[in-house]
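A short worksheet on the structure shown next.
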Amino acid sequence: MDHFLYRNGALYAEDVPVADIAAAVGTPFYVYSTATLLRHYHLFDEALEGMDHMVCYAMKAASNQAILKTLGDAGAGMDVVSGGEYRRARAAGVPGERIVFSGVGKTADEMRTALEGGIRQFNVESEPEMEMLSAVAVSMGKVAPITIRVNPDVDAKTHAKIATGKSENKFGIPIARARAVYAHAANLAGLEVIGIDVHIGSQLTDLTPFEAAYQKVADLTVQLRADGHTIRRLDLGGGLGIPYERSNAAPPLPTDYGAMVKRTLGHLECEVEIEPGRLIAGNAGLMVSKVIYVKSGEGRDFLILDGAMNDLIRPAMYDAYHDIIPVVEPEAGTEQQPYDVVGPVCESGDTFAKRRMMPALAADDLVAFRSAGAYGAVMSSEYNSRPLIPEVLVKGDQFAVIRSRPTFDEMINRDTIPEWV
Ligand SMILES: *Cc1c(COP(=O)(O)O)cnc(C)c1O
C-alpha cells in the first residue's frame with residue numbers, strides 16, 4: 001500500500017498534487033511519501049511484537065538523510081554497508097547503538113570509524129575480516145561485538161544479481177564451516193561473539209527460502225551454544241519483496257513473515273534483528289518524468305522521456321518492471337495502446353518498458369514510475385552528463401526538496417584539468 005493516489009483526476013503524493021511538485025522542481029525527480037515509509041516500518045515492528053527485536057532499515061535502498069531521520073525518529077535502527085553510510089546515518093541523528101555494519105569488504109578505516117563512533121554490531125563475513133577487525137579493536141583498546149554471516153546455501157529464487165545465499169555467492173561463510181569459524185573468532189581478543197547473521201537475497205516473493213535459511217540458523221544456534229558460544233542475537237537480513245506488477249500475486253506481508261520468524265526461531269529466546277530495505281522504501285517513492293517526444297517507429301511508437309537509465313537503472317540492470325502511469329488520470333474506458341518507453345541515453349538498454357499498454361500520451365505529459373523508492377536515486381549516475389535528479393519528500397500537504405539538482409556548472413566544475421594537459 002502507498003500514498004500515491006488519484007484524486008479528482010490528478011495523481012497526488014499524500015495531499016500534494018504531483019504536477020505541483022513538477023512545476024516547482026522540474027522533471028525528472030524522485031518523490032517519497034513520509035506516511036508510506038512510516039507505515040512500512042511500523043508493519044515490520046508490529047510483526048515482531050512479542051519478541052525482543054529491532055528493525056534496522058537497510059539504508060542502501062534509499063539513503064537520503066531526510067528519509068533516515070524520518071525512520072530513525074520512529075525508532076528504526078540502520079543496516080550500513082560502508083563507512084559513507086555509517087557517517088550518513090550518524091549525520092541524520094541515528095545513534096551508533098542502533099547501527100549494524102554489514103558488507104564483505106569492510107576496510108580497517110571503516111572499522112575504526114564505527115568503533116570510534118559507536119556500533120551495535122559488525123556482521124562479519126570472512127576469517128580475514130575477523131582477524132582485521134580484532135586487530136583494529138585491540139589497537140583502539142576496544143572489543144567489537146560481532147555476529148558472523150553464514151551462507152546457508154539456500155536458493156532465494158530471485159534475480160541472479162540479487163541472490164546472496166547460495167554457496168557460489170561471495171557472501172558469508174559456508175554454514176558447514178561455521179563451528180570452526182566461531183571457534184576461531186572466540187580466540188580473537190578484540191571480538192565478542194554475540195550471534196549469527198544471515199541474508200539470502202532481495203525481492204523474495206515467497207517465505208519458503210527464508211524459512212529454510214532460518215531453520216538452518218536455529219539448528220546452528222543450538223550447536224554453537226553446545227560448543228560454549230553465547231548466541232543471544234540473530235540478524236535475519238532483509239529481502240522481502242514488493243509487488244512491482246500489480247497483476248501478479250502479492251508477495252507475503254510483513255505480518256506473515258513475522259509469524260514465520262516466531263515459529264522457526266521464537267523458542268531460542270534470542271533478540272532478533274531484521275534489515276528490510278526494499279519493502280520500506282520501494283513503494284514509498286515515485287520517479288516522475290516528462291514526455292519529450294512521441295516518435296513513430298516501424299510497427300511501434302516510442303515514448304521518449306526526460307528520465308533515463310542513469311536516473312533509474314533497475315529495468316536495464318535487473319530487467320525490472322515498473323508500473324508507469326500518467327499523472328493526469330485517464331478517464332474510465334480510455335483506450336490503451338502499446339508504447340516502448342525509453343530515455344534519451346545513447347544505449348539500447350535505456351529502455352524502461354517494451355510494448356507497454358498505456359493511454360495515448362503527448363509531448364509535455366507527465367508520467368510516474370511506481371515503486372521506484374528503493375534502489376532508485378541511490379543507484380543513479382551522471383552518465384551522458386545528465387545531472388543527478390532531485391529528491392523530494394512529502395508529508396501531508398508539505399513538500400521539500402531533500403537533495404537538489406546540481407547545476408551544470410556544479411557538475412562540470414568537479415573535473416580538474418591539470419595545467420600540463
Ligand atoms: C541489501 C541488503 C539488505 C536489504 O535487502 P532488501 O531486499 O532491500 O530488503 C539487508 N541486509 C543486507 C546485508 C543487504 O546486503
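Residue numbers count from 1 along this sequence. Just follow the structure's listing: the first ligand is 1, and inside any ligand the first atom is 1.
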Carefully, step by step, assess Arg263 and Glu211 under the rule salt bridge (Lys or Arg N to Asp or Glu O under 4.0 Å). CA-CA 9 Å; Arg263 193 167 68 238; Glu211 186 158 358; 3.1 Å; yes
Is there a donor-acceptor pair under 3.5 Å between the side chain of Asp340 and the backbone N or O of Phe302? no
Tell me if the CZ atom of Arg356 is crowded by more than 12 foreign heavy atoms within 6.0 Å. yes
Option passing side chain to side chain donor-acceptor pair (under 3.5 Å) with Ser202 (candidates Lys161, Arg278, His159):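 Running side chain to side chain donor-acceptor pair (under 3.5 Å) over Lys161, Arg278, His159 with Ser202 returns exactly one hit, Arg278.
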Tell me: protein heavy atom nearest atom 2 (C) of ligand 1, and distance?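 Its nearest protein heavy-atom neighbour is Lys60 NZ, 2.2 Å.
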Return yes when [X] approaches ligand 1 closer than 4.0 angstrom through a heavy atom, no otherwise.
X: Pro276; answer: yes
X: Ala61; answer: no
X: Leu279; answer: no
X: Phe171; answer: no

Considering both backbone and side-chain atoms of Ser202, is one of its nitrogen or oxygen atoms within less than 3.5 Å of a nitrogen or oxygen in ligand 1?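 So ligand 1 has an N or O lying under 3.5 Å from an N or O of Ser202.
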Give yes or no for whether the N/O distance cutoff of 3.5 Å, strictly under, is met between Gly277 and ligand 1.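 There is such a contact, yes.
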Decide, yes or no, whether a salt bridge links Arg120 with Glu97 under the criterion of side-chain N to carboxylate O below 4.0 Å. no
For ligand 1, which atoms, with element, lie under 4.0 Å from some heavy atom of Ala58?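 Contacts of ligand 1 toward Ala58, numbered from 1: 3 (C), 4 (C), 10 (C).
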Contact atoms of ligand 1, heavy-atom distance to Tyr375 under 4.0 Å: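 Counting atoms of ligand 1 from 1, those under 4.0 Å from Tyr375 are 1 (C), 4 (C), 5 (O), 6 (P), 8 (O).
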Listed pairs under 3.5 Å, donor-acceptor, residues 72-79 side chains, sequence neighbours left out:
from  : atom 1 : to     : atom 2 : distance (Å)
Asp73 : OD2    : Lys69  : NZ     : 2.5
Asp79 : OD1    : Ser102 : OG     : 2.6

I'd like the name of whichever of Arg278, Arg149, Glu275, Glu125 reaches closest to atom 10 (C) of ligand 1 through any heavy atom. Glu275
Mind jotting down which residue pairs meet the salt bridge (charged side-chain N to carboxylate O under 4.0 Å, His left out) criterion with at least one end in residues 9-31? Sequence neighbours excluded, please.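 Listed once each, the pairs are Arg7-Asp15.
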